[in-house]
2 protein chains.
Amino acid sequence: MSVGLGSEAGKNKAHRDRETGTLGKLVSLLDLVALADGPMRFTDILSLSDQPRGTLHRQLSHLVNEGLLEVDRDGRYRIGLRLLALASRSWARNEFRAIAEPHLHRLQEVTGETVHLGVLRGAEVIYLDKVEGQQSVRMYSQVGNASPAYCTGVGKAALSALDDAELAKRIAGLEYRPYTEHTLRNASELLSDISQIRGRGYAFDLEEHENGICCVAAPIRSDDGHMLAGVSVTGPAYRVTHQTLQAWAPLAVVAADSIMMDMRNRMGPKR
Amino acid sequence: MSVGLGSEAGKNKAHRDRETGTLGKLVSLLDLVALADGPMRFTDILSLSDQPRGTLHRQLSHLVNEGLLEVDRDGRYRIGLRLLALASRSWARNEFRAIAEPHLHRLQEVTGETVHLGVLRGAEVIYLDKVEGQQSVRMYSQVGNASPAYCTGVGKAALSALDDAELAKRIAGLEYRPYTEHTLRNASELLSDISQIRGRGYAFDLEEHENGICCVAAPIRSDDGHMLAGVSVTGPAYRVTHQTLQAWAPLAVVAADSIMMDMRNRMGPKR
DNA sequence: CCGGGTAGTTCCGTTATTCGGAACATAATT
DNA sequence: AATTATGTTCCGAATAACGGAACTACCCGG
């Protein structure tokens, strides 16, 4: 019988629907190392994970043996190259990305600004591809990054393609963190923005995620409606006025529609 | 200092001394799915892995729950996006890659051709970055891929920086697969090429790995000598003559040397 | 050179998870 | 409807992970 601290104790596990046993613990470790700002020593990891020393040591050894982590001779751990190889393969062979790619390039050439492709997953956007112009200032790789949907153009565009019930389900319990002073602050602001987006067919992000960064985005939905995504054109606020974004909007919509067309053709009309 | 790609020789995949228990089986599965040409159904995986059905099913479920695999409604498995997120972060923050990047871009601009950065690991080269003409960095196209060192410019350049003993150890038992009619066919051809490379300071790949593809490459070694890498300029044979490569060689060498200098400065003179 | 702290590794009895055969379910095919 | 191919769940047995504690290696100040 439990002692009566149940409500507090059970909290953590309530979050995780399914326990994944050993694997879950190991990928948490991977995450921990990957998200750190730099290489970590054994003790650093020890203090962040709540594992006993012996256990942690064995877990790290296993990860290293599999090439998922690497440890240098100073005993500092970092993500291993094997992960890079796996990820690169999955990226290169991703059908959706491959289909979208030429359209992204075309959009980049016409606008001269950075173009993103992202897919919706829950209430987050994961960026699948990015095409930059010459003049880009930030080489920060965005591919693979996840951002909240409510404060990104791609995310709001994708959300707008959901029906009301599904939308409500996804944004339930969302936390509206104010990244900038323009970030949407609650569900009603988001819903009102989304209804505007549905009306005009494209979404804006006016410095809502990052100060000085604006974008316009158009939604992409797969035929079966199971995958939602978006394509966006992004630029710095000092160079990109609201008028410019307005002018780009139809281009983004055309690109999104072309991608949908190509998907319909390439993935076959079956089903 | 330590660049993070500790390329400790020795343990090849051939000698899997230590079984890594559960994890090992799971990443084998990941590999299996990642290396396949397309999405796989349960039975496909079942026939390729020697696991019983119940076991395999649980393993796949765990991988899916952790986001390492994804399964669509038709029951087809593919690599999950979580891997992309893990790898992209570590790639973006890889110190060595970050330091080399501006030099790669400069080299690309001057030559107009594709530039590669690769690290040596055992007797293989793993590509860490690639800068192409026209467009921006095509991040994952080649990045993460592994190729034999003996038939690539970057690989031979990196090998040339080893001392004889270490070199012999690494290429012992190598299998010389003839990718093209110019591929080096045995250890003595490789050693003779490497002695030439040591003499002039850079390596050529004259259609040795792929027909119609040539490159010139210069070696990079970390101060402590534990990481070996190379930078190369690659172009199609019809456009790139031997003279052109000769002309690029000093540029590649300068780029490689600059990268080494930057490493020395940025990673601190300590140790 | 010593003593004491810190960092990392190994051991081994206990415990929890994985294993895998077999029964159960659910399409697809004839 | 019968049959086959395919995917899912169960549960006792086997095995791998757990984790406290003992051990080693190293660094640093005295």
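Between B/L63 atom CG and C/dT18 atom P there is a gap of 11 Å when expressed in whole angstrom units. What separates CG of B/L56 from P of C/dG20 is a distance of 11 Å, to the nearest Å. When rounded to the nearest whole Å, the span between NZ of B/K25 and C1' of C/dT18 equals 8 Å. When the C1' atom of D/dC18 is taken as reference, atom CG of A/L29 falls 14 Å away, rounded to whole Å. For the pair A/D74 CG and C/dA7 P, the computed distance is 15 Å after rounding to whole Å. A/R41 has its CZ atom 12 Å from the P atom of D/dC27, to the nearest Å. Going from atom CG of B/L26 over to atom P of C/dC19 covers 7 Å, rounded to whole Å. The NE2 atom of A/H57 sits 4 Å away from the P atom of C/dT9 (whole-angstrom rounding).
At the heavy-atom level, A/T22 lies under 4.0 Å from the strands shown only through sugar-phosphate atoms. Looking at heavy-atom distances under 4.0 Å, A/T43 makes contact with sugar-phosphate atoms alone, never a base.
The listed nucleotides are D/dG20, C/dG20, C/dG8; the one nearest the side chain of A/F42 is C/dG8. Nearest to the side-chain atoms of B/Q51 among the listed nucleotides C/dG20, D/dC18, C/dC19 stands C/dG20. The side chain of A/H62 sits closest to D/dA17 out of D/dA17, D/dG19, D/dG7.
Here the rule is side chain to side chain contact (heavy atoms under 4.5 Å, CB included) with B/V119, and of B/L228, B/L128, B/N94 only B/L128 fits it. Looking at B/V64, B/L83, B/I45, B/L29 one by one, the single match for side chain to side chain contact (heavy atoms under 4.5 Å, CB included) with B/L69 turns out to be B/V64.
Nearer the 5' end of DNA chain C, as judged by each residue's closest nucleotide, is the contact made by A/R58, out of A/L23 and A/R58. Summary of the strand contacts: B/G54 and A/G54 both lie near DNA chain C, and taking for each the nucleotide with the nearest heavy atom, the more 5' one is attributed to A/G54.
With hydrogens and angles ignored, the 3.5 Å screen pairs a side-chain donor or acceptor of A/R93 with a backbone N or O of B/A36.
Checking the phosphate oxygens (OP1, OP2) of C/dC19, no side-chain nitrogen or oxygen of B/T55 falls inside 4.0 Å.
The base of D/dG20 lies outside donor-acceptor range of the side chain of A/R53, with no N or O pair under 3.5 Å.
Contact of the A/H116 side chain with the A/V125 side chain is not registered, since no non-hydrogen atoms from C-beta on lie closer than 4.5 Å.
For A/D163, the salt bridge (Lys or Arg N to Asp or Glu O under 4.0 Å) test picks out no residue, with sequence neighbours left out.
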